[in-house]
There are 2 protein chains.
Amino acid sequence: MTGFDNFFKSAFTVDNVIFGFDEGDLKVLLIKRGEEPHKGMWALPGYFVYPKEDLDTAANRVLEELTGLRNVFLEQVKTFGAVNRHPFGRVITVSYFSLIKIEDYSLQPASIARKAQWHSVAKVKELAFDHNDILSACFSRLKWLVRLRPVGFELLPPKFTLTELQHLYEAILETSLDKRNFRKKILSMNLLVDLNEWQEGVAHRPAKLYRFDPDKYHQFQAEGFNFELKESKRKERRSAGINP
Amino acid sequence: MTGFDNFFKSAFTVDNVIFGFDEGDLKVLLIKRGEEPHKGMWALPGYFVYPKEDLDTAANRVLEELTGLRNVFLEQVKTFGAVNRHPFGRVITVSYFSLIKIEDYSLQPASIARKAQWHSVAKVKELAFDHNDILSACFSRLKWLVRLRPVGFELLPPKFTLTELQHLYEAILETSLDKRNFRKKILSMNLLVDLNEWQEGVAHRPAKLYRFDPDKYHQFQAEGFNFELKESKRKERRSAGINP
DNA sequence: AAGAGAGGGTGTAAGATGTACACTATCTTG
DNA sequence: CAAGATAGTGTACATCTTACACCCTCTCTT
């Protein structure tokens, strides 16, 4: 080597913030640690990156081992490298966040997944390592992403109602939106296809179901849009809960 | 240890994309490599992170050693970890970008800085390692940041004209803007203070000088704004040049 | 079967913002 | 003093954003 040997003594990991949406609530998939360090605490799913493995590959591997899902939304967010963040030595971690449909996940319970559980993002308490910081960074990223790209749709089932979509935006943006203005805006984008089908089995007037138009969707993925709506003045604001 | 020894064999570095603005052109500070690998090629300034050093500290160190500057804008962007990106072994790099005033830099030429030189971002050719990708990622980040935060001012001298400010936006956004609309928009933000001073020594009618209002500036740093102006239809578009 | 409960669904007017566009003013230099 | 260079300025039109309230349709209960 060349005198740099002292630098080749660190390890790195990926940690994955997996978001899902259910019952009007934004959730994150956490794992109860079965081993030291931080045994028994909730943590983000993650693992060491293998010597011959790319970062994105590692993040995908962690995601797939846990959820059985491939080819879902996954994006690098930020790298955390505080000197003493891991008791085994110098370990820096590259954080990723992904968006999945909870219903897809629950169909494929993998082996590790037994220790995994969905937690409401707003109610997450103390996590292992610096995982609260990581969650917080990824949640912020999701928050701005949702204004610029149609990411929301990664989180909903194939058929959804406008109210479900609105609740998703409200959960991510931690705000409340005006129903009429929300509908006007989202429908004017030509992003949604009216399925002419209706909800079933609900104890009220059933809502119309929509899906998104894949062409328009990918166009917006690439070009972005500007989704701005002021908080509605009439309802109360939803509250955060991360790092209070 | 605990069976994880095999993972503690990698190294990590920081690489810093230092942007400056001069003569209507967005520049990046590059270093001609004096050693292998990639000896003789232009590269981003960077170095290994020391074993007891935080990532942000390392990035600041690299910046200060090169420019003599402290407390300037510096932000983490993305981590690159392709398996074979470095010939010495597994090295992942955390990229940062910073914004400095070129005039501040040129006052303090440090020792390493002898190999350093400003290059027009639009004309950068092949760089060492994967540094073209890193530059590209950081430039993209700057591009969206400039729409949401008043970062532009990190790059200009304390007193500047509206035309200089407009040229800065045009260089970053790679577009051209309508003069009247640009002025209307930027002045309506109450971000600028009219100094009642004028340019000197120019061969035409001198322009008024402005500075930014620090209170308003920090408010926008924290809250963000939405700087959108359509490309002017009258002039041609500036072109990019990165990864053509 | 009638009423209560629970969301679903709809339009408009006023204000704010964005866009397109062209000419005069003021300075230096030759 | 003319030419060259850039500074500086206003308006009309179109588009987008915001605030706001009521009736509709379904189920469930009694």
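Scope of the values below: all heavy atoms of this structure, side chains included, with no hydrogens, waters or symmetry mates. Protein chains get the first letters and strands the later ones, always in sequence-line order, with residue 1 at the start of each.
Scanning atom types as modelled, no donor and acceptor separated by under 3.5 angstrom connect the side chain of A:Lys184 and the base of C:dT10. Checked by distance alone, B:Lys208 brings no side-chain donor or acceptor within 3.5 Å of a matching partner on the base of D:dG8.
For the pair A:Lys185 and D:dT17, the criterion of a side-chain N or O lying under 4.0 Å from OP1 or OP2 is met.
Side-chain contact check for B:Trp198 versus B:Lys208: some heavy-atom pair is nearer than 4.5 Å. At least one side-chain heavy atom of A:Val146 sits less than 4.5 Å from a side-chain heavy atom of A:Leu173.
Relative to the side chain of A:His204, the nucleotides D:dA21, C:dG7, C:dG18 differ in distance, and C:dG7 lies closest. Comparing atom distances between the A:Ala203 side chain and each of D:dT27, D:dC20, D:dT18 picks out D:dT27 as nearest.
Distance CD (A:Glu200) to P (D:dT27): 10 Å, rounded to an integer number of Å. Straight-line distance from the CD1 atom of A:Ile186 to the P atom of C:dG9: 15 Å, rounded to whole Å. The distance from atom CG of A:Asp178 to atom P of D:dA21 is 11 Å, rounded to the nearest whole Å. Straight-line distance from the CG atom of A:Asn226 to the C1' atom of D:dC16: 11 Å, rounded to whole Å. Taking atom CH2 of residue B:Trp198 and atom P of nucleotide D:dA5, one finds them 25 Å apart after rounding to whole Å. Atoms CZ (B:Phe182) and C1' (C:dG18) sit 15 Å apart, rounded to a whole Å. Atoms CG (B:Leu177) and C1' (C:dG18) sit 13 Å apart, rounded to a whole Å. D:dC13 atom C1' lies 14 Å from atom NZ of B:Lys230, rounded to whole Å.
Within the 4.0 angstrom heavy-atom criterion, only backbone atoms of the sugar-phosphate kind lie near B:Thr163; the bases stay farther away.
Positionally, the nearest nucleotide of DNA chain C for A:Gln199 lies more toward the 5' end than for the other of A:Gln199 and B:Asn181. Sequence order on DNA chain D of the closest nucleotides to A:Pro206 and B:Glu164 puts B:Glu164 first from the 5' end. Annotation: of the two residues near DNA chain D, A:Arg205 and B:Arg183, the 5′-most nearest-nucleotide partner is B:Arg183.
Taking a 6.0 Å sphere around CD of A:Glu126, one finds it holds 12 or fewer heavy atoms contributed by other residues, nucleotides or ligands.
Ring planes of A:Phe182 and A:Phe227: perpendicular class, angle over 60° (limits at 30 and 60°).
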query = When you look at B:Asn60 and B:Tyr96, which way does the side chain to side chain donor-acceptor pair (under 3.5 Å) test go after all the steps?
reply = CA-CA 9 Å; B:Asn60 273 297; B:Tyr96 283 78; over 6 Å; no
